[in-house]
Every structure is written in C-alpha cells, then in structure tokens.
Undergrad: 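Below is a structure I'd like to ask you about.
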Amino acid sequence: MLRILCKQLYFWGHKSIKMNNIILFGPPGSGKGTQAVKLAEALNLCHISTGDLLRSEKAAGTQLGLEAKSYMDKGELVPDSVVIGMIGNKLDELANKVDGFIFDGFPRTAPQAEALDNLLEEKTTKIAKVLALEVTEEEIVKRILARGETSGRADDNDEATIRNRFQVYLNQTAPLAEYYKGQNKFVSIKGEGSIDDIFAALQQAVSN
Ligand code: AMP
C-alpha cells in the first residue's frame, strides 16, 4: 500500500498559498514514522516516507523496487539518483496541491539534502524546519527488534543489520545536522519517552 497521506487541495488559486515543509530527522527506529503521521494530521501536511515508497516499489516488483531490494535488505542506502528521482516525481505530482510536506527518512545524504533544496526552490518553496529525534543506539536496537516481530521487514529482524543501519546513519546522515544548523533550521528533540510527550515537544518546536 502506498502510504502518502495527504489531502490534496484542488481549488483554483491555491498555488499562491505558501507551503510549510518539515523534515523529521533521526536514526532508524527513532519514531519518525509514528510522529510524522501524527504531525501530518495535525498540520495538514502530506507525509512522504522514502522507506514506505521503496517498500511499495519492492512489493509491486517494479524495476526500481528490484534495484532497491538488495540495498534495503542489508541496511545500506539505496543510491541517491534512485531516491532523488522518486522524490522529484512525487513533488511534481503533489506540490501546489497540498499545504506542504513532511519528509520522513529523506534526505539521508548530503547530495539528497542539496537536491531537495533545489527541487523545492523550483516549486518556489523551501524547508521551514528540521526536527531531529535523539535516541540512543541501544534503545534503537531494542525498539527495532520489537518492531520486527510484527513488521515483516527483512531489515528489522537481525541485530547486525540493525546496527549497520545505525552506523550508516552516523556516517552518512548525521552529518546533515551541520548543513541544516548552517541554515538555522535544526531543532533537536528528545526522542525517548511517551509518544504523546514527544509529539507535544515536536508541535512546540514547529510553532516556535
Ligand atoms: P526506513 O523505512 O526509512 O528505515 O528505510 C528503510 C530502508 O530504505 C533504508 O535502510 C534504506 O535502505 C532505504 N531508504 C529509505 N530512505 C532512503 C533514502 N532517503 N536514501 C537511501 N535509501 C533509503
């Protein structure tokens, strides 16, 4: 099932309304997916999860899905060109029809962050905030192994793969914090505690 949850606004003249775009940042298992759904609902944003998009492609057996599978099953990143192309298509399809986007699991590399800025600029919009959920590695491993009991995801079951995903995050994704700090958009949020408390902290960060 393709999980892009957004209400598209078709009425004439909507293009002039400024979009509000947020990145939910953090390691795998930090709660981005859970919180993105809640934030999208609360702020009327369109939730785009590259992990969900890639899993849909995999399940549908498309060329893109087949290419992505080998990387995903090992906990490695799918090549930038594939993911950026996929996001570009989604933005072409949806920009100016929604109030804005909440990006979950994207960008994950410096080229993806730069490409996203360029793609949004083409749509005369930009990222407003990057909300980073901070969770320790041990908590991540515990959470993902628990999720693996029901998620059916190949990359959620093996501890070595989960630790590799965390290392990939530290090496390739965590450095993006500096990119967004340089743009004055980065907000760090404690990602451990109750779902409701973390959600409240995210909402507070959005409204500040
Ligand atoms: P996620 O559901 O966000 O944990 O993503 C699951 C897997 O999909 C990752 O381990 C990667 O293999 C792949 N993936 C998701 N988003 C991206 C991205 N932005 N760049 C590269 N690979 C990605």
Side-chain angles (χ1 to χ4, degrees), residues 1-5 21-37 39-40 46-91 101-120 127 130-135 137 139-177 179-180 191:
M1 183 188 60
L2 187 59
R3 263 187 281 162
I4 295 213
L5 302 171
N21 306 298
I22 291 172
I23 294 172
L24 258 192
F25 193 79
S30 57
K32 298 189 299 297
T34 303
Q35 297 292 345
V37 169
L39 273 180
C46 177
H47 173 206
I48 296 189
S49 154
T50 41
D52 284 348
L53 287 173
L54 290 166
R55 278 184 288 279
S56 296
E57 296 282 345
K58 229 174 94 173
T62 64
Q63 184 63 38
L64 194 156
L66 291 176
E67 192 183 343
K69 181 180 177 353
S70 59
Y71 298 96
M72 295 174 79
D73 289 353
K74 284 184 288 195
E76 297 292 334
L77 294 186
V78 173
D80 286 336
S81 57
V82 173
V83 181
I84 291 167
M86 201 172 70
I87 287 284
N89 290 340
K90 280 292 148 204
L91 294 187
F101 296 99
I102 179 148
F103 295 99
D104 158 11
F106 181 88
R108 265 170 148 105
T109 64
Q112 290 182 21
E114 284 160 21
L116 180 60
D117 278 351
N118 293 334
L119 287 167
L120 291 175
I127 293 296
V130 178
L131 308 176
L133 292 171
E134 309 290 348
V135 182
E137 178 172 356
E139 174 69 15
I140 292 292
V141 172
K142 213 167 71 186
R143 282 189 193 178
I144 299 184
L145 282 173
R147 184 173 74 185
E149 287 173 16
T150 52
S151 73
R153 284 175 53 173
D155 59 347
D156 276 356
N157 281 297
D158 172 50
E159 185 170 335
T161 307
I162 297 168
R163 289 199 188 270
N164 186 43
R165 286 165 67 193
F166 192 78
Q167 276 311 310
V168 167
Y169 169 78
L170 290 183
N171 294 338
Q172 300 190 54
T173 306
L176 291 186
Y179 180 79
Y180 290 112

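Atoms within each ligand, like the ligands themselves, are counted from 1 in listed order.
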Undergrad: List the atom of Pro107, the atom of Ile23, and the distance in Å for their closest heavy-atom pair.
TA: CD-CD1, 3.6 Å
Undergrad: Residues around ligand 1, heavy atom under 4.0 Å from any ligand atom, sorted by chain and number. Can you pull those?
TA: Thr50, Gly51, Leu54, Arg55, Met72, Glu76, Leu77, Val78, Val83, Gly105, Phe106, Arg108, Gln112, Arg153, Asp155, Arg165
Undergrad: How about Lys58: does its NZ atom have over 12 heavy atoms from other parts shown lying under 6.0 Å from it?
TA: yes
Undergrad: Could you list the donor-acceptor pairs under 3.5 angstrom formed between side-chain atoms of residues 75-85 and any protein atom two or more places apart in sequence or on another chain?
TA:
| residue | atom | partner | partner atom | Å |
| --- | --- | --- | --- | --- |
| Glu76 | OE2 | Asn164 | ND2 | 3.0 |
| Asp80 | OD1 | Thr109 | OG1 | 2.9 |
| Asp80 | OD1 | Gln112 | NE2 | 2.9 |
| Asp80 | OD2 | Thr109 | OG1 | 3.4 |

Undergrad: Provide the full list of salt bridge (Lys or Arg N to Asp or Glu O under 4.0 Å) pairs with a residue in residues 25-36, sequence neighbours left out, each pair given once.
TA: none
Undergrad: With Thr34, which residues qualify under side chain to side chain donor-acceptor pair (under 3.5 Å), at least two apart?
TA: none
Undergrad: Could Asp156 and Arg165 be called an ion pair, given the rule that one side-chain N must be under 4.0 Å from one carboxylate O?
TA: yes
